[in-house]
Amino acid sequence: MGKSYNIAVIPGDGTGPEVVRESVKVLKVASERFGFSLDFTEYDFGGERYLKTGETLPDSAIDELKGYDAILLGAIGHPDVKPGILERGILLRLRFELDQYINLRPVKLYPGVDCPLKDKTPEDIDFVVVRENTEGLYVGGGAFLRKDTPFEVAIQESINTRYGVERCIRFAFEYCRKRNKDKKLTLCGKTNVLTYAWDLWQRTFNEVAKEYPDIQTDYAHVDAITMWFVKNPEWFDVIVTDNMFGDIITDLGAMIQGGMGIAAGGNINPEGVSMFEPIGGSAPKYTGKNVINPLAAICAGAMMLEHLGEQTAADTIEKAVMEVTGKHLKSLAAGKMGYTTTEVGDLVAEYTSKL
Ligand code: IPM
Ligand code: MN
């Protein structure tokens with residue numbers, strides 16, 4: 001008998017429940033086929049619950065979630081809730097309190113997927129962004145001075161600790177070694193202007209690099225990297241960057257891999273509980289219509305299995321997704337796939353059972 005894993009599922013808002021349902025469907029098929037078991041427990045955190053109870057995450061939730069092997073998240077964000085409340089109160093709070101200090105975002109163009117970049121093929125677009133996930137501008141440090149006067153001052157602080165920067169950079173080196181593709185790690189920063197934070201990042205990067213002579217290192221300013229993503233995405237293997245820059249460049253990464261319909265991410269605590277999510281939002285206008293693309297959530301599920309050590313099952317789901325993009329879907333966009341959300345889930349599940 002294989003292993004057994006307890007998974008907390010937070011379907012969340014909007015189309016979150018629809019895509020998570022398909023992900024769970026595929027995960028169940030994979031677990032049956034590859035001989036391990038998954039036990040799913042659902043939590044109703046999200047906008048609806050907040051509107052009813054005024055509560056984003058009960059304090060007990062954090063402790064409870066620490067008891068799971070992993071968390072699968074759908075989407076957080078509700079049109080009737082002021083922006084920021086749910087993002088800070090649920091998503092960022094989980095990332096911080098569970099100390100998920102890595103945000104891992106693979107950018108990979110699958111077969112048959114329309115790429116907005118001219119002449120680029122799946123061979124050219126296959127890299128991973130390692131985003132620091134617990135520090136930087138996201139800490140929320142700052143202050144107002146003379147608020148609501150013409151002399152108002154708003155301060156927003158970027159917190160970068162040696163400890164936080166180093167553990168992220170180490171993870172990136174290790175990940176790059178394990179990935180074993182081009183064995184090239186690019187630091188993405190802004191050393192020419194942000195001379196405190198990026199000095200620390202650069203020094204730490206150079207020091208840690210000495211322990212990884214097998215990994216080639218490189219540096220790119222964040223503004224330049226947005227240019228290279230479009231012009232020469234094939235240059236990249238693994239990229240490491242801070243929270244804010246990582247947030248920005250991974251949306252661009254999602255677009256060059258075909259859009260939010262396919263982009264998945266993992267919030268990783270290598271020593272604790274990690275959380276996997278499609279990186280697109282809650283897409284209120286498509287909610288309940290059975291037209292949203294579930295592939296990102298399915299890929300998030302595959303990342304979760306890889307993290308749990310079920311590599312063959314994870315690889316098989318990825319291959320199944322490639323069959324579906326390569327042989328079936330007309331587009332990755334909601335409403336234009338040529339299939340419903342449920343049908344796409346069924347197709348991936350079927351390939352997962354037999355590939
Ligand atoms: C992401 C999202 C979040 C972020 C938001 C929803 C808080 O954009 O996961 O990239 O900024 O990290
Ligand atoms: Mn983002």
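Index from 1, following the sequence. Heavy atoms only: backbone and side chains are in, while hydrogens, waters and symmetry mates are out. Order of listing sets the numbers, starting from 1, for every ligand and every atom in it.
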Q: Tell me how many protein N, O or S atoms are closer than 2.8 Å to the Mn ion (ligand 2).
A: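 Number of qualifying protein atoms: 1.
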Below 4.0 angstrom, N of the basic side chain to O of the carboxylate: do [X] and [Y] qualify?
{"X": "Asp59", "Y": "Arg93", "result": "yes"}
{"X": "Asp214", "Y": "Lys183", "result": "yes"}
{"X": "Glu323", "Y": "Lys319", "result": "no"}

Q.
Could you check whether Glu310 and Tyr5, counting side-chain N and O atoms only, form a donor-acceptor pair closer than 3.5 Å?
A.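 Looking only at side-chain atoms, Glu310 and Tyr5 do form a donor-acceptor pair, the distance falling under 3.5 Å.
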Does the separation of the ring centres of [X] and [Y] fall below 6.0 angstrom?
{"X": "His328", "Y": "Tyr351", "result": "yes"}
{"X": "Phe173", "Y": "Phe205", "result": "yes"}
{"X": "His78", "Y": "Tyr50", "result": "no"}

Q) Which is it for Met244 and ligand 1 at heavy atoms under 4.0 Å: side chain, backbone, both or neither? A)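 For Met244, no heavy atom sits under 4.0 Å from ligand 1.
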Q) Less than 3.5 Å between some nitrogen or oxygen of Asn103 and one of ligand 1, yes or no? A)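 Not met; the criterion fails.
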(Q) Is it the case that the side chain of Gln156 and the backbone of Gly140 share a donor-acceptor pair, with hydrogens and angles ignored and the cut-off at 3.5 Å? (A)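 Such a contact is absent between Gln156 side chain and Gly140 backbone.
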Q | Winner among Glu87, Arg105, Glu277 once heavy atoms are compared against atom 1 (C) of ligand 1 | A |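 It is Arg105 whose heavy atom sits nearest to atom 1 (C) of ligand 1.
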Q.
I'd like to know if Arg88 contacts ligand 1, where contact means a heavy-atom distance under 4.0 Å to any ligand atom.
A.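 Heavy atoms of Arg88 never come under 4.0 Å of ligand 1.
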Q: Report yes or no: does a heavy atom of Arg131 sit under 4.0 Å from some atom of ligand 1?
A: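 Checking ligand 1 against Arg131, which is what was asked, there is a heavy-atom contact under 4.0 Å.
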Q: Over 60° means perpendicular and under 30° means parallel, so classify the ring planes of Phe276 and His307, tilted if in between.
A: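 Tilted, since the angle between the ring planes falls between 30° and 60°.
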Q: Look at the aromatic rings of Phe127 and Phe229 and report parallel, tilted or perpendicular, splitting at 30° and 60°.
A: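 Judged by the thresholds at 30° and 60°, the geometry between Phe127 and Phe229 is tilted.
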For [atom], closest protein heavy-atom neighbour:
{"atom": "atom 8 (O) of ligand 1", "value": "Asp247 OD1, 3.4 Å"}
{"atom": "atom 4 (C) of ligand 1", "value": "Tyr138 OH, 3.4 Å"}
{"atom": "atom 5 (C) of ligand 1", "value": "Leu91 CD2, 4.3 Å"}

Q: Heavy-atom contacts with Arg95 under 4.0 Å: which atoms of ligand 1 show up? List them by number with element.
A: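 Counting atoms of ligand 1 from 1, those under 4.0 Å from Arg95 are 1 (C), 4 (C), 9 (O), 12 (O).
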